[in-house]
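Every number for a ligand or one of its atoms is a count from 1 in the order of the listing.
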Amino acid sequence: MAPELKTVFCICFFLALTGKCRPKYYGSDTPIRQYVRNNSMREPPVLEKLRLKTLEDPSYIMLATDEQTQLMANLIKLIKAKKAIEIGMYTGYNALSMALALSEDGRVVACEINENYTNIGKPFFEEAGVDQKIDIRLQPALKTLDDLLAAGEAETYDFVFIDADKKNYVNYYEKSMQLVRKGGIIAVDNVLWGGRVIAPAEDDLSSQTIDRLNKKLHKDNRIDLSMLTVGDGLTLAFKR
Ligand SMILES: C[S@@+](CC[C@H](N)C(=O)[O-])C[C@H]1O[C@@H](n2cnc3c(N)ncnc32)[C@H](O)[C@@H]1O
Ligand SMILES: *[C@@H]1O[C@H](CO)[C@@H](O)[C@H](O)[C@H]1NC(C)=O
Ligand SMILES: *[C@@H]1O[C@H](CO)[C@@H](O)[C@H](O)[C@H]1NC(C)=O
């Protein structure tokens with residue numbers, strides 16, 4: 001290797017190690033995906049700000065991909081949703097997008113267990129003028145879903161986005177089915193789990209649970225179904 005090439009290589013390696021070479025969004029950066037984003041994204045400025053802020057967090061890889069988020073916002077508008085739930089809010093990128101898409105009197109119940117993450121998002125909710133539309137519940141999501149059911153809110157939600165700990169996916173889906181009305185939508189993220197669902201390893205509980213949910217939904221007569229390859233795989237279940 002030529003000496004100057006070696007220098008470039010070393011600098012890049014250093015930058016990669018220190019996180020300066022991170023991709024600007026989670027997911028692959030193929031020409032096809034670039035083309036899709038270049039020609040379809042209409043990210044509101046406040047969402048872009050929150051996305052760029054989130055990319056400074058070491059766990060930024062958890063961020064929902066923006067094409068998915070835009071699709072879900074469009075579905076929310078299509079069905080004129082008022083009540084939504086996000087299971088796994090992280091810094092609130094998708095929660096904020098849902099809040100912006102919901103009707104004026106709409107509300108997002110945002111489930112999260114780590115306050116450090118919700119604190120990153122809050123200033124952006126205020127800046128967007130929708131902080132009163134986002135009801136953050138800082139406790140395990142299963143507890144929050146049970147609270148909503150206990151409060152008599154069964155079959156009153158229009159949209160649920162499942163995106164928290166994978167080992168609870170089947171539980172989240174069943175609780176969501178109880179909370180969503182007929183004609184409502186349950187969206188499930190990471191249903192391909194980097195391809196590991198095809199042949200889950202014996203000790204890989206997350207892949208096994210996601211695969212189990214995928215197969216369960218395939219034969220679930222309570223829903224119409226689409227599994228999309230956008231991002232890390234997004235399933236849309238439309239409650240009949
Ligand atoms: C993939 S991230 C969510 C990304 C987010 N939906 C977005 O649009 O950027 C998953 C989040 O679920 C949270 N989480 C993990 N287990 C949870 C639980 N039992 N209840 C609620 N949140 C949980 C994690 O702290 C993490 O922030
Ligand atoms: C997408 O846009 C970026 C920024 O303008 C550009 O660098 C890139 O070449 C574009 N990619 C495609 C496939 O259109
Ligand atoms: C939140 O951040 C503080 C300060 O960095 C840290 O001590 C704490 O453990 C973090 N909490 C969680 C739940 O990660």
Out of all atoms in ligand 1, which are within 4.0 Å of some heavy atom of [X]? Include the element for each.
X      : value
Pro140 : 20 (N)
Leu63  : 9 (O)
Met89  : 5 (C), 7 (C)
Glu86  : 5 (C), 6 (N), 8 (O)
Tyr90  : 2 (S), 3 (C), 4 (C), 5 (C), 9 (O), 27 (O)

Output yes when a side-chain donor or acceptor of [X] lies under 3.5 Å from a complementary backbone atom of [Y], and no otherwise.
X      : Y      : answer
Asp57  : Ser59  : yes
Asp204 : Ser207 : yes
Gln208 : Pro200 : no
Thr156 : Glu153 : yes
Asp232 : Leu192 : no
Asn214 : Val191 : yes
Asp189 : Asp163 : no
Lys175 : Tyr173 : no

Specify the protein heavy atom at minimum distance from [atom]: its residue, its atom name, and the distance to 0.1 Å.
atom                    : answer
atom 16 (N) of ligand 1 : Asp165 OD1, 3.3 Å
atom 11 (C) of ligand 1 : Glu112 OE1, 3.6 Å
atom 10 (C) of ligand 1 : Asp163 O, 3.1 Å
atom 3 (C) of ligand 1  : Gly88 O, 3.2 Å
atom 1 (C) of ligand 1  : Met62 O, 3.3 Å

Lys/Arg-Asp/Glu bridge criterion (N-O < 4.0 Å) met for Glu174, Lys216:
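Yes, charged N to carboxylate O under 4.0 Å.
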
Sub-4.0 Å heavy-atom contact, Tyr172 with ligand 1
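Flag set, Tyr172 near ligand 1.
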
Heavy-atom pair with the smallest gap, counting every atom of Thr209 and Lys166
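Shortest heavy-atom contact: CG2-O, 3.4 Å.
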
Minimum-distance pair of heavy atoms, taken over all atoms of Glu112 and Tyr90
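For Glu112 versus Tyr90, the nearest heavy atoms are OE1-N, 2.8 Å.
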
What residues, two or more places apart in sequence or in another chain, satisfy side chain to side chain contact (heavy atoms under 4.5 Å, CB included) together with Lys133?
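Counting only residues at least two positions away or on another chain, Lys133 forms a side chain to side chain contact (heavy atoms under 4.5 Å, CB included) with Ala99, Leu102, Val130.
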
Approximate separation, where rounding is to 0.5 Å, of Ser176 OG and Tyr157 OH
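Ser176 OG to Tyr157 OH: 11.0 Å, rounded to 0.5 Å.
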
Tell me every residue that passes side chain to side chain donor-acceptor pair (under 3.5 Å) with Asp211, counting only those two or more places apart in sequence or in another chain.
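Listed in chain order: Lys215.
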
Under 3.5 Å between any N/O of [X] and any N/O of ligand 1: does that happen in this structure?
X      : value
Tyr117 : no
Ala141 : yes
Ala64  : yes

Tell me which donor-acceptor pairs under 3.5 Å the side chains of residues 137-144 have, and how far apart each pair is, sequence neighbours excluded?
residue, atom, partner, partner atom, Å
Arg137, NE, Asp135, OD1, 3.2
Arg137, NE, Asp135, OD2, 3.2
Arg137, NH2, Asp135, OD2, 3.0
Gln139, NE2, Thr144, OG1, 2.9
Gln139, NE2, Asp147, OD2, 3.0
Lys143, NZ, Asp147, OD1, 2.9
Lys143, NZ, Asp147, OD2, 3.3

Taking only heavy atoms of the protein into account, state which residues are under 4.0 angstrom from an atom of ligand 3, in chain and number order.
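Heavy-atom contacts below 4.0 Å: Asn114, Asn116.
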
So is Gln34 polar-close to ligand 2, meaning N/O to N/O under 3.5 Å?
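Among all N and O atoms of Gln34, at least one is under 3.5 Å from an N or O of ligand 2.
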
Just going by heavy-atom distances, which of Asn94, Leu138, Asn114, Asn190 is nearest to atom 8 (O) of ligand 1?
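Looking at heavy atoms only, the winner is Asn94.
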
Counting heavy atoms only, name the option from Ile87, Thr118, Ile61, Ile113 that's nearest to atom 14 (N) of ligand 1.
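It is Ile113 whose heavy atom sits nearest to atom 14 (N) of ligand 1.
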
Just jot down the ligand 2 atoms closer than 4.0 angstrom to any heavy atom of Pro31, in number order.
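Here the atoms of ligand 2 in question are 13 (C).
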
Can you list the atoms of ligand 2 that are under 4.0 Å from a heavy atom of Asn38?
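Near Asn38, the atoms of ligand 2 are 1 (C), 2 (O), 3 (C), 8 (C), 10 (C), 11 (N), 12 (C), 14 (O).
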
